[in-house]
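For reference, the structure is listed below as C-alpha cells.
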2 protein chains.
Amino acid sequence: MPTINDIAKQCGVSKSTVSRVINGHPYVSEQKRQMILSAIEESGFTPNSLAVQFRKRKTSAIGILTPQVDHPYFAALVQSLSNACTAKGWKPVIFQTFGDKKRELDVFAKLKQRELDAIIATSSALEAPLLARCLENGPILICNEKYEIDATVCSLDEESAAYKLTMHMLQTGKRRLLFCLDHTSPSQEARYIGFLNALAARNLKEGGKRIEGMVSIEDGIRLGTDLFHDKQLLIDGIFAGSDFVAAGILHAAKQHQIAVPEKCAVTGFDNHPISQITDPPLTTYDNEIEAMARKTAEQLDMQLSGNFYVPKLFQWQGYLVPRHST
Amino acid sequence: MPTINDIAKQCGVSKSTVSRVINGHPYVSEQKRQMILSAIEESGFTPNSLAVQFRKRKTSAIGILTPQVDHPYFAALVQSLSNACTAKGWKPVIFQTFGDKKRELDVFAKLKQRELDAIIATSSALEAPLLARCLENGPILICNEKYEIDATVCSLDEESAAYKLTMHMLQTGKRRLLFCLDHTSPSQEARYIGFLNALAARNLKEGGKRIEGMVSIEDGIRLGTDLFHDKQLLIDGIFAGSDFVAAGILHAAKQHQIAVPEKCAVTGFDNHPISQITDPPLTTYDNEIEAMARKTAEQLDMQLSGNFYVPKLFQWQGYLVPRHST
DNA sequence: TGTTGACCTGGGAACGTTCCCATCTCTTAT
DNA sequence: ATAAGAGATGGGAACGTTCCCAGGTCAACA
C-alpha cells in the first residue's frame, strides 16, 4: 500500500504538496495538481485514515449506543438516528451493549481515546453518577431516555404518555390493570408513575400490579398464557409496554378464548406496524421517533461545530393511537 | 489528557518502561511497575487508541455490513454475528448501507484505510466484479448471501429451501403460485430458481408469477389488499419471502374474508417469532442464523490469526416449519 | 577469573499524516 | 527602483504510541 511519500517521490515533489492536493488546499500549480492526481489514481493510493485521524484528532464518527438491534423499537430508533447523522455529514457507527455495563463503558471510553467524536446513547445501564463521569470523556447526547445529567436529552414525556394510555383504559370501565415494563430504567419508571397517577386520579388505590422483563413476542405469549389459563381473570386491562409484547398477549388471549377488549383490554407502545395487524388491532402510542432523532442530530451538530452551546432537555408528547384492543 | 510521556516524566522513567507496563511485558521491576500503575490510575490516563492502532496497524474492529438494521431478519443476523465476534475477542461495529453502493464502498474503503481489520457483509449491492475488487482491500467474509468470489461464504441453500417450501404448497394441491422477493440479489434469485424447479417438477409451466420489492408488513398488506380485492382469485398460493410480508398478507386475507389456507396458502421465511402468532400460524423456513453466524466468526478468526487459510463455501440446509397457513 | 545469560532500563526510529514556517519567484503598486 | 504581497514549494516538527537495539547490573557457572 503506497503512502503519501511514495506519491511525492514518484512525482518529484514534496509530501506537503501532495497533502495540499489531497486536502484541496490552494497554492498548488495546476500542472502539479494534475500530475499528482493521476499518480494517486493510478497507484490506487488511499490516505491511511488512522494516521489522518490521529494527526487531526478528529474522526467524524458518531457512536450510536443501543442495548440491542434485534428489538423493533431500538432498531427503528437507531435507523432514524443513523439517517439523521448521515444527513448532517457525520459517520454513524452502531454499538450494541446488551445492557451490559462493561460493554457500555468500553464504548464511552472510545470517546476519551478519541476513536469517536461523540456518542448518542439510546439507553444506559449505568447509574446516573457514573454516567455523569462519562460526560467528561466528551460529547454525549441522550435520545430516548431521560437522565438528570448535564447533557442534551431528547425524550418522550413518558409519564404523560402512560397517563393518557392508562386513562384511556380506565375510561372504558377497566379497573384492575397490569403494568408491564421492559427492564427498569428512568423512562420505564416515569411510565409507571404516569400509570399510577392515572389510577390515583380515579381513586383506585389498588389495581396497580407490575411485572418486569417483558420484551419480546414470546414474553407476551408466556405472560398471556399464565394470565388467561384461569378463566376467572384477576385483571381486566394490560399496559403492555411494547407492541410486540402486546401482540404476544393478544395471541395468547385468542388461544384461551378471552375476548379483547371485552374481558381484558390491551395497550401497546411504539406504534410499530405490527400493531395494525394484530387481532384486534392494537391501541398504542406513537412516540415520534423521527422527530426525536432529527433534533438529536441537530443538537449534536451544534455541539460539535464548536459554537457556544448549552445542553438542554427536549421532550415530545407523542400521541395516542386508539384502535380496537381497548 | 495526559500521555504516556507525562506518566513517564512523573515517575522518572522512560516511556518505554511505561509502555511495557501498559502492555504487560516482562522485565520491569515490581517497584516501578507499582509506581507507574498508580500514576496511571491517579491521572486517569488512557492510551490514545488511535495512536496505538496507527502504530500497531491493527484495530481489532470487525465491520458488520448490513442493508438496514430495522429489518427483523437482518437485525437478528447482525445480532448473532455481533455476539459471535465478541465471543472470539473481536470488536463488532455495525454499518448500514441501505442498499446504497456508495455507502457500501465507503465501508469497504475502511479496510484499505486500516480502520477495520475485517468485514462481514450480510449482503451487497455491488456487482460481482466490483465486489471481487474490494477483496483486495482486506479480509471480507460473506454471511447470508452467496457470491461467486474468492472469499469465505456462509449461506443458506436458498434454492433447495425454496424448492421444499414450494413443493410443500404444491403437495396440498395449489397450482397458481405467486413468488415475492425482497430486492433482487443472488440469494433471492437462487430462491426463485428453486421455486421454478419445484413447479417444473410438477409440470407446471405456468403459475410462476413473481413480484419484487416486498419487505415489510405494510408491503404485505398492500399486496394482499390488491390480490384479495377481487373475490375471483387469480392465485391460490403465495411464497412471501419473509415472515413479516406474510403476516401482512394474512392480515389482508382476513380483512377480505379469504380463507387461509383453503382459498389461498401462504408461506413465510426466516422463522421469526411473529410467525407463531399470525392467524393462522405461518408455515415458514428456519435458516439457522445462529449456526451461520458462529461459523462465520470461526472462519474470520482463522483468517486473521494468520495461519494458512483457504476461502471456502459453507452451505446450510435449514428446515421447513409447517404450520397452518398451508 | 572470565564468560554467559537473565533481568532491567533508556534512547530513538518509525508509523503516515498535517501544518507551520521559511524560502523563492513573480506581479503590482508606489 | 523598491517594497509589498500573492503564489508556489519544500523542510521538518509534531501527533502518541510501539518496539528494536544497545548497554548496564548481577548471579551462576566453568
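Chain letters run A, B, ... following the sequence lines, proteins first and then strands; every chain starts at 1. As a basis for the values below, the full set of heavy atoms in this structure was taken, side chains included, without hydrogen atoms, waters or symmetry mates. Predicted model, so just to flag it, every value in this text is computed and none were measured.
- Comparing Pro26(B) and Asn5(A), the nucleotide of DNA chain C nearest to each residue sits closer to the 5' end for Pro26(B).
- Within a 6.0 Å sphere centred on CD of Gln34(B), heavy atoms belonging to other residues, nucleotides or ligands number more than 12.
- Rounded to whole Å, atom C1' of dT18(C) lies 8 Å from atom NE2 of His25(A).
- Separating the CD atom of Gln31(B) from the P atom of dC7(C) is a distance of 18 Å, rounded to the nearest angstrom.
- Considering only side-chain N and O atoms, Ser14(A) lies nowhere under 4.0 angstrom from the phosphate OP1 or OP2 of dG11(D).
- In this model, the phosphate group of dG10(C) is not approached by any side-chain N or O of Ser16(B) to a distance below 4.0 Å at OP1 or OP2.
- Side-chain proximity of Arg57(B) to the nucleotides dG10(C), dG16(C), dT17(D) is greatest for dG16(C).
- Taking every side-chain heavy atom of Asn48(B) into account, dT17(D) is the closest of dT17(C), dT17(D), dT9(C).
- Within the 4.0 Å cut-off from OP1 or OP2 of dG10(C), not a single side-chain nitrogen or oxygen of Lys15(B) is found.
- The ring of Phe54(A) does not lie on top of the base of dT17(C); it is either too far (5.5 Å or more) or too tilted (30° or more).
- The distance between atom CD1 of Ile4(A) and atom P of dG11(D), rounded to the nearest whole Å, is 14 Å.
- Taking atom CD of residue Glu30(A) and atom C1' of nucleotide dG7(D), one finds them 14 Å apart after rounding to whole Å.
- Between the NZ atom of Lys58(B) and the C1' atom of dA14(C) there is a distance of 20 Å, rounded to whole Å.
- Nearest-nucleotide positions on DNA chain D place Ser29(A) closer to the 5' end than the other of Ala51(B) and Ser29(A).
- Between the CD atom of Glu115(B) and the P atom of dG16(C) there is a distance of 15 Å, rounded to whole Å.
- Checking Thr122(A) against Glu145(A) by side-chain atom types alone, no donor-acceptor pair falls below 3.5 Å.
- Looking only at atom types and distance, the side chain of Gln113(A) has no donor-acceptor partner in the side chain of Thr46(B) under 3.5 Å away.
- Taking only side-chain nitrogens and oxygens, Tyr27(A) comes nearer than 4.0 Å to OP1 or OP2 of dG7(D).
- In this structure, of dT18(C), dT17(C), dG10(D), it is dT18(C) that holds the atom nearest to the side chain of Asn23(A).
- Between the side chains of Ser82(B) and Gln96(A), a donor-acceptor pair is found at a separation under 3.5 Å.
- Rounded to whole angstrom, the span from the CG atom of Asp6(A) across to the P atom of dC15(C) amounts to 10 Å.
- Under the 3.5 Å distance criterion, with hydrogens and angles disregarded, a donor-acceptor pair is assigned to the side chains of Thr59(B) and Asp117(B).
- Annotation: of the two residues near DNA chain C, Arg20(B) and Arg55(B), the 5′-most nearest-nucleotide partner is Arg20(B).
- Taking atom CD1 of residue Ile22(B) and atom P of nucleotide dC19(D), one finds them 12 Å apart after rounding to whole Å.
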